[in-house]
Protein chains: 2
Amino acid sequence: MKLKELAEKLNLSQTTVSRALNGYPEVNEATRERVNKAALKFGYSANANARRLAMGRVGAIGLVIPADSSQRFGPHTAEFLAGLAERLSRDEIDFLLSPIVDNDEISVYKRLISSKRVDAIIVSGPVLVDERVSMLIDANFPFVLHGRTNIDRPHAWLDIDNQGAFYQAASHLLDLGHRHIAMIDGLRGFTFSEHRELGYRQALSERGVEIDPRFIVHDYFSDEIGFRETQRLLSCTPQPTAIIAGSMMTALGVSRAVRNKGYQLGKQVSLITHDDVFPYLNASNMVPSMTTTRSSMRSAATRIAEMLVRVLDGEPVDNIHELWPVELTVRQSSGPPISG
Amino acid sequence: MKLKELAEKLNLSQTTVSRALNGYPEVNEATRERVNKAALKFGYSANANARRLAMGRVGAIGLVIPADSSQRFGPHTAEFLAGLAERLSRDEIDFLLSPIVDNDEISVYKRLISSKRVDAIIVSGPVLVDERVSMLIDANFPFVLHGRTNIDRPHAWLDIDNQGAFYQAASHLLDLGHRHIAMIDGLRGFTFSEHRELGYRQALSERGVEIDPRFIVHDYFSDEIGFRETQRLLSCTPQPTAIIAGSMMTALGVSRAVRNKGYQLGKQVSLITHDDVFPYLNASNMVPSMTTTRSSMRSAATRIAEMLVRVLDGEPVDNIHELWPVELTVRQSSGPPISG
DNA sequence: CTGTTAGCGCTTTCAT
DNA sequence: ATGAAAGCGCTAACAG
């Protein structure tokens, strides 16, 4: 069923039917009602492509995702998508996931823009100087960045205080008396990862604690890495008495390695985890319950979606940025150091 | 930059330029090269909406996802999307995630179809008699079902042998001598969940083991449910000596509850988990390593994407269905029962 | 091999 | 308050 047919059935012009359907004010209310009823009855719904071609607006936002089986597409991404969906569905905005082809990420963004398939883009996982961001600014294409990058031109972003998170975690451990503290975080190069390391270093430096490079790990977020690296760390001399884990997945591996060695969390080894709030994996339910720095991926995504709508409504982007604090929740997995 | 302008710059007709760009054979190779170079130079890329409007084909497939903060959008979905991306990127097919609005799932599907935004749809999480499937068949719209439903009309699907999985798991436990076996699986109503219960019941019945309804749990896949339900189960009389968990998340909770009670996995309580293969959470790395029924969500998705391409190429759907076996891998978390 | 000419289905001036 | 007609940017017959 197309507009023309619907119009014929109603003995109206396409124009009027279109206007009625799209809520234009100049339509007689009686007519509008008649049209709406008919549309419903015949299951009419506008051809999105024609509509967009005519309007130049799309009703979808784009998201570029890794296509390989890398670990970059994990539970974090899932939470993120869920958060976006939650907000965007209100405005009937869909999202288009474009896999990266040929490992050429930037050109996927370019195609996405020039092919006019999306009204705006969400950029995730920025690195310190992110060329995607400068490209999008150059192209004057609407976007919101999830995270931060060192590019000093106005753009919309939302980030959590990663530096503060690890600073708090490390400081808490230092307060407890720990002097050998390790961190196992995400891949190097990503802003969040660098910021976290910064926070960690800052806390240690402030107390005059020397930084042992063997105690700083950057890798994928996974159970396995957490396990392996913890085993390695626990065979170092001196041994770390505390570990900060960058994700819940990592933390699961850390816990396992600690248990495996006959140690207890919160005793021989303290553990603080950054928790992105997974509905299916809850830090407070663990045994022992886990001390965390906590920040919800899902809420961040929902908020980002909101910011995106504002950007699309033409609000100037220099006002659109938020830095979310991260809250340290002390539970049982962290305690004063005891000699192993 | 639009086609017309590009054509003018080249002193060619739009048609020729279009043909050159789209790889039509009748174009002179020299011309084609000239066109391609110019396109690259000016950063031309066709307006997708115009293209689709003209061709009636979209180059995108649709996926309907829950928009609420339900647990339905979890790590399984993430793996699934990653698998799709892997395959679809080869054909430059994007996917459109449409959140469910107003809890009216079926109308989201209808809109997706009539608005011509996607060429095909992937349907996930079928229930025993799934109205989405019958609707799509009625509408004659291309789709592939991930899972199965009791609708006896030809359609493409891929499912894993959920019944076999739980049958194998239960049989293995029975072989080991267990007589009190519990299962904690996904929500009731979903086909996979019902099939799994069927397999479980079948195995127990075959050995003349009575089925205790308290030992059958259906709920979300989460750490917390696993923990709570295991605590409940371990306070039953008689106690189950073995548990089959429907997902890794559940199993994490089960393990925790078992440890917490001073029991060991594979001793007082055996555990078999269905593992969808998460890159960040590996059954064989656990301590004790976990006995699993194993089936990769990601590979299934990749395969489904492939089937979808075949459907779109017009292959008759009655030939397009696959039932994947599920393989039991015995590791350390399952052993003969010992008295608690 | 290249060009001319119609559409694809909708929105939007501009009239009335 | 309604309609006629002109695009939106592209592809696909049909000619040559």
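Nearer the 5' end of DNA chain D, as judged by each residue's closest nucleotide, is the contact made by A:Pro25, out of B:Asn22 and A:Pro25. Sequence order on DNA chain C of the closest nucleotides to A:Glu26 and A:Lys4 puts A:Lys4 first from the 5' end. Across the interface with DNA chain D, nearest-nucleotide mapping of A:Arg32 and A:Met55 shows A:Arg32 to be the residue nearer the 5′ end.
B:Asn49 comes within 4.0 angstrom of nothing in the nucleic acid, heavy atoms only. Among the atoms of the strands shown, none is found under 4.0 Å from any heavy atom of B:Arg52.
B:Arg132 places a side-chain N or O within donor-acceptor distance of the main-chain N or O of B:Ser124, the cut-off being under 3.5 Å. The closest donor-acceptor contact from the side chain of B:Ser107 to the backbone of B:Lys110 lies at 3.5 Å or more, if one exists at all.
Residues A:Val123 and A:Leu136 form a side-chain contact, since some pair of their non-hydrogen atoms from C-beta on lies under 4.5 Å apart.
Residue B:Tyr24 has no polar side-chain atom (N or O) positioned under 4.0 Å from OP1 or OP2 of D:dA13. Taking side-chain N and O atoms only, A:Ser13 has a distance below 4.0 Å to OP1 or OP2 of D:dG3. OP1 or OP2 of D:dT2 sits under 4.0 Å from a side-chain N or O of A:Thr31.
Nearest to the side chain of A:Thr16, among C:dC10, D:dT2, C:dC1, sits D:dT2. The A:Leu3 side chain lies nearest to C:dT11 when the options are C:dC8, C:dT11, D:dC10. Of the candidate nucleotides C:dC10, D:dC10, D:dG3, C:dC10 has the atom lying nearest to any side-chain atom of A:Asn47.
Rounded to an integer number of Å, the gap from A:Arg57 CZ to D:dG9 C1' is 20 Å. One interatomic measurement links the two molecules: NZ of B:Lys116 to P of D:dC10, which rounds to 21 Å at whole-angstrom precision. When rounded to the nearest whole Å, the span between CZ of B:Arg19 and P of D:dA12 equals 10 Å. In this structure, A:Leu21 places its CG atom 8 Å from P of C:dT11, rounding to the nearest Å. The distance between atom CG of B:Leu53 and atom P of D:dG9, rounded to the nearest whole Å, is 12 Å. A:Gln14 places its CD atom 20 Å from the P atom of C:dC14, with the value rounded to the nearest Å. With rounding to whole Å, B:Arg117 atom CZ is found 17 Å from C:dG9 atom P. To the nearest angstrom, C1' of D:dT2 lies 15 Å from CD of A:Glu29.
Axis orientation changes by 30° from one end of the helix from C:dC1-D:dG16 to C:dT16-D:dA1 to the other, with each end axis drawn from 5 pairs and the value rounded to 10°.
A cation-pi arrangement is found for B:Lys9 relative to B:Phe42, the charged atom lying closer than 6.0 Å to the ring centre and inside a 45° cone about the ring normal.
Using bins of under 30°, 30° to 60° and over 60° for the plane-to-plane angle, the ring pair B:Phe143/B:His155 lands in the parallel bin. A:Trp157 and A:His321 have parallel rings, their planes meeting at less than 30° on a 0 to 90° scale where 60° marks the start of perpendicular.
Side chain A:Thr15 to base C:dT12: a donor-acceptor pair is found below 3.5 Å.
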Report task. Decide side chain to side chain donor-acceptor pair (under 3.5 Å) for A:Thr302 and A:Ser299; before the verdict, give the C-alpha distance in whole Å, the side-chain angles of both, and the deciding distance to 0.1 Å. Result -> CA-CA 5 Å; A:Thr302 305; A:Ser299 330; over 6 Å; no
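With respect to the salt-bridge test (charged N to carboxylate O, under 4.0 angstrom), the residues B:Asp130 and B:Arg148 do not qualify.
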